[in-house]
J.: 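Can you read through this structure? Questions will come right after.
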Amino acid sequence: MLKLKMFTFNPFQENTYVLFDETKEAVIFDPGCYEKQENDELVAFINSEDLKVTHLINTHCHIDHVLGNAFVKNKYKVPFLIHQKEIPVLKSVNVYASNYGFPGYQETEPDGYLDEKKKFKFGNTELDILFVPGHAPGHLVFYHKDSKICIAGDTLFQGSIGRTDLPGGDHQTLLRAIKSELFSLPDDTIVYPGHGPETDIGTEKQFNPFVGKNART
Ligand SMILES: [Zn+2]
Ligand SMILES: [Zn+2]
C-alpha cells in the first residue's frame with residue numbers, strides 16, 4: 001500500500017513529499033529543505049520508518065522545489081530525475097538563488113529524464129506520469145491509480161492554479177493542460193499540491209475560479 005508523508009519547507013512554504021510502500025522503498029519529490037533543521041527533519045522521518053530512498057524527483061525546477069536536491073542526492077546517492085524541458089529552469093536557479101536569499105544552494109545534475117510516455121516504478125508501486133506544462137515548461141504530475149492520489153506540484157491548488165508570469169510560463173497552456181490531464185482523473189482523486197492543503201479533482205472542477213465550471217477564463 002502506498003503511503004505519503006508531507007513536509008512544508010523553506011520561506012516559500014513549499015510541500016515536499018515522500019512516497020513509500022510496504023517494500024520500504026521511498027521516493028522524495030521536490031525536496032525544499034534548506035536549513036539544517038529541515039534536512040534533519042526529513043532524515044529523521046526516513047530513519048524512523050526505516051525507508052530506503054531510491055529516487056529523487058522534481059515535478060519542476062523552480063527554486064522552492066529544488067533547494068534540497070544536493071542534500072538528498074549526497075545523502076542517499078540516488079538518481080535525480082526531471083523532465084528534459086526543465087533543464088533551463090534548473091540551470092537558471094544558480095543565477096538567482098543568492099538574490100533570493102539562498103547563497104548555499106548547490107546545483108545538482110539530473111541523472112535521467114521522465115516523460116508522460118513512461119511509467120515510474122519503485123518498490124511495488126507504479127505511477128502514471130502526466131505532462132502538465134504552463135506553470136513551467138516541463139512540469140510533471142505523478143498519479144497513483146490504485147490509491148487515487150496525485151503529486152501535482154504547482155499546477156492545481158485548492159482554489160487556485162500555478163502562477164504563469166515566470167519565464168517559461170503560459171496561462172492558456174496551463175488551463176488547457178489542467179483540463180485535459182488532471183480533470184480526466186477520477187473526481188475523488190486527492191491532489192497533493194506544491195503549496196497549501198490537499199484538495200480533490202471533483203471539488204476543483206466545481207469551484208476552482210480559474211478552471212472550474214464557473215470560471216470566466
Ligand atoms: Zn513552481
Ligand atoms: Zn512552488
Side-chain angles (χ1 to χ4, degrees), residues 4-19 27-35 38-39 41-42 56-72 80-102 104-108 110 113-116 129-143 149-178 181-182 190-199 204 208 210-211:
L4 174 149
K5 169 73 178 175
M6 177 179 102
F7 300 86
T8 302
F9 288 142
N10 73 55
F12 296 99
Q13 298 284 292
E14 183 266 354
N15 295 332
T16 294
Y17 295 98
V18 178
L19 260 55
V27 180
I28 300 176
F29 287 87
D30 293 353
C33 41
Y34 180 75
E35 303 292 344
E38 295 172 330
N39 295 343
E41 193 185 336
L42 179 64
L56 160 64
I57 295 178
N58 289 164
T59 58
H60 68 298
C61 295
H62 287 146
I63 187 165
D64 47 329
H65 298 251
V66 306
L67 285 167
N69 278 355
F71 174 75
V72 168
F80 165 44
L81 308 174
I82 58 172
H83 191 287
Q84 207 154 5
K85 286 190 173 167
E86 285 299 297
I87 295 171
V89 182
L90 178 66
K91 295 280 171 202
S92 72
V93 176
N94 245 343
V95 180
Y96 67 80
S98 287
N99 293 339
Y100 273 63
F102 303 98
Y105 169 74
Q106 284 180 292
E107 189 176 305
T108 306
Y113 302 104
L114 296 170
D115 64 57
E116 70 281 10
I129 303 175
L130 310 177
F131 182 55
V132 189
H135 170 74
H139 198 303
L140 296 174
V141 170
F142 295 85
Y143 172 60
I149 65 159
C150 70
I151 302 295
D154 293 354
T155 56
L156 182 64
F157 300 122
Q158 183 191 74
S160 190
I161 59 171
R163 56 190 287 189
T164 50
D165 55 336
L166 300 166
D170 185 85
H171 189 68
Q172 291 306 326
T173 301
L174 180 60
L175 297 181
R176 250 196 325 269
I178 290 172
E181 301 302 312
L182 301 185
I190 305 294
V191 176
Y192 289 95
H195 303 270
E198 67 205 54
T199 182
E204 298 310 318
N208 190 289
F210 298 94
V211 283

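Remember, predicted model here, so these are calculated numbers, not experimental data. Both counts, for ligands and for their atoms, begin at 1 and track the order of listing.
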J.: Could you check H60, H62, H83, H65 and say which one makes a ring pair (Phe, Tyr, Trp, His ring centres under 6.0 Å) with H139?
T.: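 Testing each of H60, H62, H83, H65 against H139, the sole residue satisfying ring pair (Phe, Tyr, Trp, His ring centres under 6.0 Å) is H60.
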
J.: Taking the six-membered ring where the residue is Trp, are the ring centres of F9 and F7 under 6.0 Å apart?
T.: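 Centroid distance F9-F7: below 6.0 Å, so yes.
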
J.: Should the heavy atoms of other residues, nucleotides or ligands under 6.0 Å from OH of Y113 be counted, would the total exceed 12?
T.: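 Yes - once you tally the heavy atoms of other residues, nucleotides and ligands closer than 6.0 Å, there are more than 12.
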
J.: Between A97 and I63, which heavy-atom pair has the shortest distance, and what is it?
T.: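 That closest heavy-atom pairing would be CA-CD1, 3.7 Å.
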
J.: Show every donor-acceptor pair shorter than 3.5 Å between a side-chain atom in residues 156-164 and any protein atom, with sequence neighbours excluded, or say none if there are none.
T.:
{"residue": "R163", "atom": "NE", "partner": "D165", "partner atom": "OD1", "Å": "2.8"}
{"residue": "R163", "atom": "NH2", "partner": "D165", "partner atom": "OD1", "Å": "3.4"}
{"residue": "R163", "atom": "NH2", "partner": "D165", "partner atom": "OD2", "Å": "3.0"}

J.: Strictly under 2.8 Å of the Zn ion (ligand 1): which protein N/O/S atoms qualify?
T.: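 Metal shell, protein only: H60 NE2, H62 ND1, H135 NE2, D154 OD2.
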
J.: Of V191, L182, T199, which meets side chain to side chain contact (heavy atoms under 4.5 Å, CB included) against E204?
T.: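 Exactly one option meets the side chain to side chain contact (heavy atoms under 4.5 Å, CB included) with E204, and it is T199.
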
